[in-house]
Amino acid sequence: MKHESTITLKVNGRPTTVTIPVRTSLADLLRDHLDLTGTHLGCEHGVCGACTVLVDEEPVRSCITLAASCEDRSVTTIEGLDDELTEIVREAFSAKHGLQCGFCTPAMLVAARDIVQRVPDANEQEIRDELAGNICRCTGYVGIVQAVAAAQERSRERQCMEVTE
Amino acid sequence: MKPPPFAYERPQDIEHVLALLAEHGDEAKVLAGGQSLVPVLNLRLSYPAILLDVGDISELRDARFGGGAQLGATVTHSAIEDDTVPDPSRGLLPHVAHGIGYRAIRNRGTVGGSLVHADPSAEWPVVMSALGAEVVVRSQRAERSIPVRDLYRGHFTTTIEPDELVIRVDVPSVGPRMRWGFHKQARKVGEFAESLAVALLSHDAEGEVDGLDLWLGAAADVPVRVEGLADILRSESHATRDRAIQAHVAGVLPGAQTPEERYLRHLHGIAACRAIGQALGQETP
């Protein structure tokens, strides 16, 4: 029976082949085997959100996703998020004081970007509900919620500008 | 925490899964979304010898309408939430799906996985019981249909045999004169429920309530059906209704000894009231 596996997947746009114990989580593959330590581990059972990355463009918990399950998939970590929407979200977090120690921040950015993209009209309560899966021990969430709202507005402005251009 | 060692296979079709299940029996665990299984492994609560990853099997992810909805076992909660699969429940299924955990969990977690995991505080066991859904399971021996109401033996325990694989869930359509209500009580959005109530209300042509089916989750080790509430609705006035519902629910549930048990039993009564209230307030098509 197979306890080790060689898998190929895309990580931040790059085809990557690794041989790993099959029990390796996606998080441990990224952090320990690929030196992409921007993805953090908080609880290792899916409740804190610090490990959130994108798999095939969708947020997933890398701590409870087996690396082997990601064969042929496309994984994007915080290190690989560089599109315009990400820049809007980053600037908003900076302007609205959406981080202190930074431990939750990579995953918060992934989650915030997903919220702005998927539920662009979310109101404050809906933003809070959508962020419920990402725990922050420092900020009390106020700045984070404001950052998401600011990113929504900026994103709308950008879309209006694109239409008129 | 890191999981214990296990072997891993990624079958490309159902027949291969069934052969592996026949070979390994209860030493094998099927891996669908992994949102319940991998935490169990990371917490070392279970030591399966081998995981069978069914993520590549497209037949298990299919969904179609056929007198109700047929949802493949690996249809995700987010697919249900986003209404990208047939909804036979006039909005109940997407509403329920939206409250499960968090979006990142819903992107991987599956309806079949949730039903098989049999957590009494989860949504699908109680909601699918209320809707009268059936799971279709297959082994090398046979294929059979199990009503979700008959699926649960206890906490995390089902009547599915070790060599059987859940293929899909068949969910009947909610009738035109049915209204639904759903209430999940949790301290934080997305957490497992302290109390879950699903109310399915039917009324006659004159608008009078002629049936009320109420199911409670997180109230026992299996979903609980509460009967006799239609009579209460018919006989009580608006002002006395909630009290009467709470008393009736408290009577149906096992005795509460400690203050915490009494509090939780109180919550179940509240959840029932809110679900019924929502159903009463819902517009009919």
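Just so it is clear, the model here is predicted, and its values are computed rather than measured.
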Worksheet entry | Contact leader toward chain B among His45(A), Glu44(A), Met1(A), where contacts are heavy-atom pairs under 4.5 Å |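 Of His45(A), Glu44(A), Met1(A), Glu44(A) has the most heavy-atom pairs under 4.5 Å with chain B.
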Worksheet item: Is any side-chain heavy atom of Arg106(B) less than 4.5 Å from a side-chain heavy atom of Thr76(B)?
Response: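 Side chain of Arg106(B) against side chain of Thr76(B), heavy atoms only: no contact under 4.5 Å found.
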Worksheet item: Under a 4.5 Å heavy-atom cutoff, which of Glu191(B), Arg108(B), His98(B) has the most pairs with chain A?
Response: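 Sorted descending by pairs with chain A, the first entry is Arg108(B).
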Discussion item. Please classify the contact of Leu51(B) with chain A as side chain, backbone, both or neither, using a heavy-atom distance under 4.5 Å.
Written reply: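 For Leu51(B), the side chain is the part near chain A, not the backbone.
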Worksheet item: Between Leu41(B) and chain A, which part of the residue has a heavy atom less than 4.5 Å away: side chain, backbone, both or neither?
Response: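 Neither; nothing under 4.5 Å.
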Discussion item. Whether Asp83(A) and Arg113(A) form a salt bridge (side-chain N of Lys/Arg under 4.0 Å from carboxylate O of Asp/Glu) is what I want to check.
Written reply: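 The answer is yes: the pair qualifies as a salt bridge.
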Worksheet item: Measuring heavy-atom distances to chain B, does Glu4(A) have an atom under 4.5 Å in its side chain, in its backbone, in both, or in neither?
Response: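 Neither; nothing under 4.5 Å.
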Discussion item. Given heavy-atom pairs under 4.5 angstrom as the criterion, report whether the side chain, backbone, both or neither of Leu41(A) touches chain B.
Written reply: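 Interface part for Leu41(A): side chain.
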Item to complete: Would you mind checking which part of Cys51(A) comes under 4.5 Å of any heavy atom in chain B, side chain (CB onward), backbone (N, CA, C, O), both or neither?
Response: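 Nothing of Cys51(A), per the 4.5 Å heavy-atom cut-off to chain B.
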Worksheet item: Are Glu84(A) and Arg158(A) ion-paired here, with the side-chain N under 4.0 Å from a carboxylate O?
Response: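 Yes.
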Discussion item. Do the side chains of Glu123(B) and Lys184(B) get close enough for a salt bridge, i.e. N-O under 4.0 angstrom?
Written reply: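 Here Glu123(B) pairs with Lys184(B) in a salt bridge, since their nearest N and O are under 4.0 Å apart.
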Worksheet item: Any side-chain heavy atom of Leu115(B) sitting closer than 4.5 Å to one from Tyr152(B)?
Response: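 Yes, their side chains come closer than 4.5 Å.
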Fill in: chain A contacts, top residue of Pro4(B), Ser78(B), Gly33(B) (heavy-atom pairs, under 4.5 Å)
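Counting heavy-atom pairs under 4.5 Å, the top option is Pro4(B).
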Item to complete: Check whether Arg128(A) gets within reach of chain B through its side chain, its backbone, both or neither, counting any heavy atom under 4.5 Å.
Response: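 Contact with chain B is absent: no heavy atom of Arg128(A) under 4.5 Å.
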Item to complete: Answer yes if the side chains of Thr84(B) and Asp82(B) hold a donor-acceptor pair under 3.5 Å, and no otherwise.
Response: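 No.
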Worksheet item: Tell me, side chain or backbone of Ser69(A) under 4.5 Å from chain B's heavy atoms, or both, or neither?
Response: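 Answer is both: backbone and side chain atoms of Ser69(A) are under 4.5 Å from chain B.
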Discussion item. Heavy-atom cut-off 4.5 Å, strictly under: side chain, backbone, both or neither for Asn134(A) against chain B?
Written reply: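 Interface part for Asn134(A): neither.
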Worksheet item: Are Ile80(B) and Trp124(B) close enough that some pair of their side-chain heavy atoms sits under 4.5 Å apart?
Response: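 Side-chain contact under 4.5 Å: yes.
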Practice prompt. Could you check which of Val55(A), Asp72(A), Leu66(A) has the highest count of heavy-atom pairs closer than 4.5 Å to chain B?
Written response: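 Most heavy-atom pairs under 4.5 Å with chain B: Leu66(A).
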Discussion item. Please determine whether a side-chain nitrogen of the Lys or Arg among Glu87(A) and Arg90(A) lies less than 4.0 Å from a carboxylate oxygen of the Asp or Glu.
Written reply: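 Salt bridge between Glu87(A) and Arg90(A), a charged N being under 4.0 Å from a carboxylate O: yes.
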